[in-house]
Amino acid sequence: MDTRSDAPANAQTRLFLCLKDNYGVLVHDPASGATATIDAPEAAPVEAALTASGWKLSDILVTHHHGDHTAGIAELKRRHRARVVAPRQEAAKIPDVDETVGEGDTVTVGTLSARVIETPGHTLGQINYFFPAAKLLFAGDTLFSIGCGRVIEGTPEMMWQSLLKLRALPDDTMMFCGHEYTDANIRFALTIEPNNPALAARAAEVKRQIAAGTPTVPTLMGEEKRANVFLRADDPAVAAAVDLAGKPAAQVFAEVRARKNKF
Ligand SMILES: [Zn+2]
């Protein structure tokens with residue numbers, strides 16, 4: 001499975017599976033020839049995607065320090081002399097970092113430009129890369145399609161605030177995430193929002209995608225806002241569904257996340 005698509009501002013992307021259920025993705029700038037890999041779960045599938053596309057790796061943009069996002073960095077950097085950009089707060093845990101970045105910083109890939117969004121929760125230093133002109137978001141393990149990352153290092157309140165930052169992005173933003181978890185996420189989300197029509201529509205779409213052997217990623221932010229229960233913790237219907245009507249959204253989010261952990 002390996003899909004290539006054009007985004008606005010002439011950015012091109014290429015998505016492929018790594019390890020068991022991680023996604024690798026390349027972002028290519030035809031104007032300059034620059035190509036970034038978002039994270040590096042393992043080197044071989046990234047190399048295969050580079051070979052298949054004929055693109056030359058120039059940058060490695062890291063979202064967070066977990067091994068299933070960083071294990072391929074050293075080998076790729078050695079082979080391609082690529083620049084490694086990583087979250088400032090986690091640089092000590094990530095190999096071969098050249099440049100550290102934080103909230104609001106700009107990262108360029110050739111003529112393409114990304115804004116760094118800090119999204120602590122899954123890890124404390126996690127960052128996401130948003131390319132406004134290309135309308136691309138690389139959400140790492142913060143946001144998944146119809147899901148979100150486990151809150152491992154941060155607090156649910158912190159994670160909810162991070163998700164609100166992503167929810168503020170334009171509806172036509174294409175969201176790429178770190179894992180193919182969509183099917184299980186939908187089965188869980190339906191237990192909270194069985195009557196959400198946007199979720200039902202997404203469930204039908206994902207069923208078709210899985211039957212066809214195509215990835216369920218990327219998705220549009222507008223769709224996620226309507227169908228992803230983890231972005232909807234401030235919706236009164238979601239609060240009521242987990243018996244927390246009238247409670248703060250962060251508390252509702254924490255309960256939904258806790259239920260997913262046990263699902
Ligand atoms: Zn992770």
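In listed order, ligands and their atoms are each counted from 1. None of the values given here were measured: they were computed from a predicted structure.
- Side-chain atoms of Asn228 and Arg232 include no donor-acceptor pair closer than 3.5 Å.
- One N or O on the side chain of Glu90 and one on the backbone of His65 form a donor-acceptor pair closer than 3.5 Å.
- Taking the Zn ion (ligand 1) as reference, the nearest N/O/S atom within His64 carries the name NE2.
- Note: His66 and His64 have perpendicular aromatic rings, judged against thresholds of 30 and 60 degrees for the angle between ring planes.
- At a threshold of 2.8 Å, the Zn ion (ligand 1) has no backbone or side-chain N, O or S atom of Asp68 nearer than that distance.
- When the Zn ion (ligand 1) is compared with the N/O/S atoms of Asp141, atom OD2 turns out nearest.
- Atom ND1 is the N/O/S atom of His66 found closest to the Zn ion (ligand 1).
- Among Ser145, Pro218, Pro215, the one residue that satisfies the side chain to side chain contact (heavy atoms under 4.5 Å, CB included) test with Phe176 is Pro218.
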